[in-house]
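Presented below is the structure to which this report refers.
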There are 2 protein chains.
Amino acid sequence: MFITAISKKLKITTRAIRHYEEIGIINSKRLENNYRYFDQVNVDKLKFLVRARKLGFSLEECKELILLFENDNRRSEHVREIAKNKLKSIKKQITDLKDLEKSLKWLVLKCPGDNKPDCPIIDELAKG
Amino acid sequence: MFITAISKKLKITTRAIRHYEEIGIINSKRLENNYRYFDQVNVDKLKFLVRARKLGFSLEECKELILLFENDNRRSEHVREIAKNKLKSIKKQITDLKDLEKSLKWLVLKCPGDNKPDCPIIDELAKG
DNA sequence: GTATACCCTTACGTTAAGGTCAATATGTTT
DNA sequence: AAACATATTGACCTTAACGTAAGGGTATAC
């Protein structure tokens, strides 16, 4: 398959695909005219990558996962460890964002939102 | 105050402070030796900025908030609108992350995490 | 007179792509 | 064969908020 066909199939841009190749996550063959050609193996890898990205893994992490994907001697504990770490960081992000949400909610609630300058939000940010 | 003193006081790096100045959010005076000098007004602005950053506002948003902070003719509804928009985007981020968390949790649970290659996480990412 | 603790500017690196470009390549009309 | 439309290529620019390093000035203490 050519790059545009895959990009449509996987709903990602051609630019993204080239980027993944540039940083060595995936690869492709070249035809005589220098066009990229993706065989089934490469398409499957790309599919894997897209799915992993959707699960929140960074490209670095995806790279690692693909190596495991391709390694028949992998240990599932290794894969699980990566997923657990990601889960941990996602949990932290959620906690942090919830804290922000709480503070912001409270401030928005306290602010009259009228045409006068007195504003508890500004006051809170400015307080000594 | 000099830049290092403030950075220690506000627990941010000197690089961050210079950056804020570079992009025109804050400003400072210069002494004869070209050192930055921050008077009380500038320190207060920086404090405001640091607090706003902690609440998750981008530097662009902080810039806007500081303009309102300094504008005695502001309307509190303007400030409230900015905070409400931020709140909305934070809520969306939380929802998205929770979805990821759910998927990952399930995968981690299903994976045996032993020394064998069979891994439901890999299978899930690779599935047709 | 040198050690150290500051301070300065310039400028490239980071994440994960998206945008834009000119230069080729291919395919279809005329 | 020439004109035109569409694909593809690599390369460089941009984003956010700094981090990091290089290379050099200044101030105080010992």
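These numbers were taken from a predicted model, which means no experiment stands behind them. Throughout, protein chains are lettered first and strands after them, A, B, ... in sequence-line order, and every chain is numbered starting at 1.
The NZ atom of A/Lys54 sits 12 Å away from the P atom of C/dA17 (whole-angstrom rounding). Going from atom CD of B/Glu21 over to atom C1' of C/dT9 covers 12 Å, rounded to whole Å. Atom CD1 in B/Ile6 sits about 15 Å away from atom P in C/dC6, given to the nearest Å. The separation between A/Leu10 atom CG and C/dA17 atom P is 13 Å, rounded to whole Å. In this structure, A/Phe2 atom CZ and C/dA25 atom P are separated by 14 Å, rounded to whole Å. Rounded to whole angstrom, the span from the CD atom of A/Glu61 across to the C1' atom of C/dA16 amounts to 13 Å.
Within the 4.0 angstrom heavy-atom criterion, base atoms lie near A/Arg18.
Between B/Glu21 and B/Arg30, at least one side-chain N (NZ, or NE/NH1/NH2) sits under 4.0 Å from a carboxylate O, which counts as a salt bridge. Note on B/Arg15 versus B/Glu22: salt bridge recorded, some NZ/NE/NH1/NH2 to OD/OE distance being below 4.0 Å. B/Arg51 has no carboxylate O lying under 4.0 Å from a charged side-chain N of A/Glu124, or vice versa, which leaves the two without a salt bridge. By the 4.0 Å N-to-carboxylate-O rule, A/Lys92 lies close enough to A/Asp96 to be salt-bridged with it.
Taking the side-chain contact (heavy atoms from CB on, under 4.5 Å) definition, one finds that B/Ile23 meets it with B/His19, B/Ile25, B/Leu59, sequence neighbours left out.
Contacts between residues 25-35 of chain B and DNA chain C, defined by a heavy-atom separation below 4.0 Å, involve B/Arg30, B/Asn34, B/Tyr35, listed by number.
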Worksheet entry | Annotated protein contacts, base or backbone, on nucleotides 11-22 of chain D with a non-hydrogen cut-off under 4.0 Å, one of B, S, - each | BB----BBBB--
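Taking side-chain N and O atoms only, A/Lys63 has no distance below 4.0 Å to OP1 or OP2 of C/dA16.
Going from atom NZ of A/Lys47 over to atom CG of A/Leu49 covers 13.0 Å, rounded to the nearest 0.5 Å. From A/Arg53, atom CZ reaches atom CD1 of A/Ile12 across 10.5 Å, with rounding to the nearest 0.5 Å.
A side-chain N or O of A/Asp114 and one of B/Ser76 form a donor-acceptor pair less than 3.5 Å apart. No side-chain donor from either of B/Lys29 and B/Asn42 sits under 3.5 Å from a side-chain acceptor of the other.
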